[in-house]
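Notes to accompany the following structure.
Chain letters run A, B, ... following the sequence lines, proteins first, then strands; residues in each count from 1.
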Amino acid sequence: MASTAPARGMRDFLPADVRRRTYVIGVIRGVYERYGFEPLETPAVENIETLLGKYGDEGNQLIFKILKRGEHEASGQADLALRYDLTVPLSRVVAEHRGTLPKYFKRYQIQPVWRADRPARGRFREFYQCDVDATGSTSPVVEAELCAAACEAMQALGFSDAVLRLNHRAVLTGVLDVAGVPADKHGDALVALDKLDKIGLDGVKAEYETRGLRPEVADTVLGILGAAALSGVVAADNAAALDRVEAFVAGHAEAVAGIATMRTVLALAARTPAAHQLRVDLSLARGLSYYTGCIMEMTVPDLAGSLGGGGRYDGLVGMFLGQAVPAAGFSLGLERILVVMGERAMFPAHIAATAADVLIAQWNADTAGDALALAHTLRAGGLRVEVYPDADKLGKQFKYAAATGVPLVVVEGDDERAAGELTVKDLRTGEQQRVPRAQAGAYLKDLLTPVASGSL
RNA sequence: GUGGGUGUAGCUCAAGGGCAGAGCGCCGGACUGUGGCUCCGGAUGUUGGGGGUUCGAAUCCCCUCACCCACCCCA
């Protein structure tokens, strides 16, 4: 017999999982919509050329490829692939529909993506991303709004300790240039630097040596980037970090411009919900190769990886269109948010609710029709009603209700039928009451209404 | 992709060459109109899979697969 476990890195979502997921998605979508982002969905499958070459060498390897079908399958060649993120499909859509989309296209997209990665904690081969992106503008207002939306979404979910780290690709390049790191070693220098908060200053130095970078270069780079990276989430610290790096890269025009952009983004974001969550982190690098300007990453103390990330990618749409369209975006990682919220027990009680409020017990096979008719009446009154399908012993039926968390059970037996009444038992209190059939709906609703007296 | 660890009942885990077990859960009954509490009874299974050593393997060896941890990378 075949294994019944889902494929490696893939998951089934049972009812309780789906309730938590739809809750989080709903909160995030609500925030995104209040910022004026419009919904977009794109296919799970893209032509493989659309994806190749957009994510760097590492990314290319992690794309789930789909073999050619039919007689060409034996060739082992792939012509399609599952989407790797939502940013590249957006860029393709912007290029494809350039004539009909508005000048500034702000969209959100909450869909699964696939990566042929090795699964780990908070890391799966199929996972949802919650993206917001804005195309058509180079203004730092875009970055400020992205930061604000991401931070507000996290706040709405109940996170009070999320930090949004901010850096700029041109500033990183400038520091490395001025420090004398050859251009072909920039990647190595950034990968090592990105691990600063994990392995510490000495660890990064050691890694610089093994990657063939001169130790004194490491001291210089770390002196200017590393020290700043370890500062707190305070506006004064952010300003001081930028001042320090600006003095270092004084003659490097692109870096100076990048610093000015970061200052503007910080100043604008200070007027938004992101005000107290932004932290300049000059060691932030991010792996995706398409970023060109500001880069951002959302972190919390108790998860090693990030809960989301984003940045400006002014060159990506141009790869499909031949004509540059500026863009920037941010992506919240649903799975990791769920992992942390689960560990911290951050879900509100109401989403644990069961599917039904009322179970109608089945007396015998002949009364099944009556049970369905009663269910219809109660449902029309707004109650969530389940009918027990088999004429099992009442004990079993009550046990089923208790096991599935349905709080109320209705029994219409011979005695009740003769009297035109129903028996209603509240499993939470164990209390039981006979009520006239016509008043059952109101009585049930009354039981379900939380008692407000005393607590309000 | 690299290194280490763990795989035994639905779940959590014992047994470390000699009849595969416990707790919880599940099913049935005590209770033929009522869940939880109690008591009684029952079924748990190719010990992840394959091969080898042995009179005999859950146990020792080899291979393989899955999961966990640390790297690498990422949301």
* Asked: How are the rings of A:His350 and A:Tyr23 set to each other: parallel, tilted or perpendicular (split at 30° and 60°)?
  -> perpendicular
* To do: Give the ring-plane orientation class for A:Tyr32 versus A:Tyr108, where under 30° counts as parallel, over 60° as perpendicular and anything between as tilted.
  => tilted
Distance between [atom1] atoms of [N] and [M] (Å, rounded):
N: B:rC60; M: B:rG16; atom1: P; answer: 10 Å
N: B:rA57; M: B:rC62; atom1: C1'; answer: 15 Å
N: B:rU8; M: B:rC67; atom1: P; answer: 14 Å
N: B:rU12; M: B:rG18; atom1: P; answer: 26 Å
N: B:rU47; M: B:rG10; atom1: C1'; answer: 16 Å
N: B:rC68; M: B:rC61; atom1: P; answer: 25 Å
N: B:rG21; M: B:rA9; atom1: P; answer: 14 Å
N: B:rA20; M: B:rG48; atom1: P; answer: 15 Å

* When we call it a touch if two heavy atoms are under 4.0 Å apart, what does A:Gly430 touch: a base, just sugar-phosphate, or nothing? -> base
Please report the distance, rounded to the nearest Å, between [atom1] in [X] and [atom2] in [N].
X: A:Arg115; N: B:rC72; atom1: CZ; atom2: C1'; value: 15 Å
X: A:Met296; N: B:rA75; atom1: CE; atom2: P; value: 13 Å
X: A:Lys425; N: B:rG35; atom1: NZ; atom2: P; value: 7 Å

* Members of residues 395-412 of chain A that approach RNA chain B, where some heavy atom sits under 4.0 Å away -> A:Gly395, A:Lys396, A:Phe398, A:Lys399, A:Ala402, A:Val411
* Structure fact -> chi for B:rG16 classified (syn = within 90 degrees of 0, anti otherwise) as syn
* Asked: Please walk me through it: do A:Asp85 and A:Ser331 pass side-chain contact (heavy atoms from CB on, under 4.5 Å)?
  -> CA-CA 9 Å; A:Asp85 71 357; A:Ser331 175; over 6 Å; no
* Derivation and outcome, salt bridge (Lys or Arg N to Asp or Glu O under 4.0 Å), residues A:Glu46 and A:Arg92 -> CA-CA 10 Å; A:Glu46 294 279 353; A:Arg92 180 185 59 72; 2.7 Å; yes
* To do: Mind checking side-chain contact (heavy atoms from CB on, under 4.5 Å) for A:Ala371 and listing every partner two or more places apart, or none if nothing turns up?
  => A:Ile360, A:Val387
* Asked: Can you find a donor-acceptor N/O pair under 3.5 angstrom joining the side chain of A:Arg336 to the base of B:rC74?
  -> yes
* Could you tell me whether the side chain of A:Arg123 has a donor or acceptor atom within less than 3.5 Å of a complementary atom in the base of B:rC73? => yes
* Under a 3.5 Å cutoff on both atom distances, Watson-Crick or G-U, what's the dot-bracket for RNA chain B ([ ] crossing, | other strand)? -> (((((((..((((....[..)))).(((((.......))))).....(((((..]....))))))))))))....
* To do: Under the side-chain contact (heavy atoms from CB on, under 4.5 Å) rule, what do A:Leu164 and A:Arg279 come out as? Steps first, then yes or no, please.
  => CA-CA 6 Å; A:Leu164 186 56; A:Arg279 184 179 93 178; over 6 Å; no
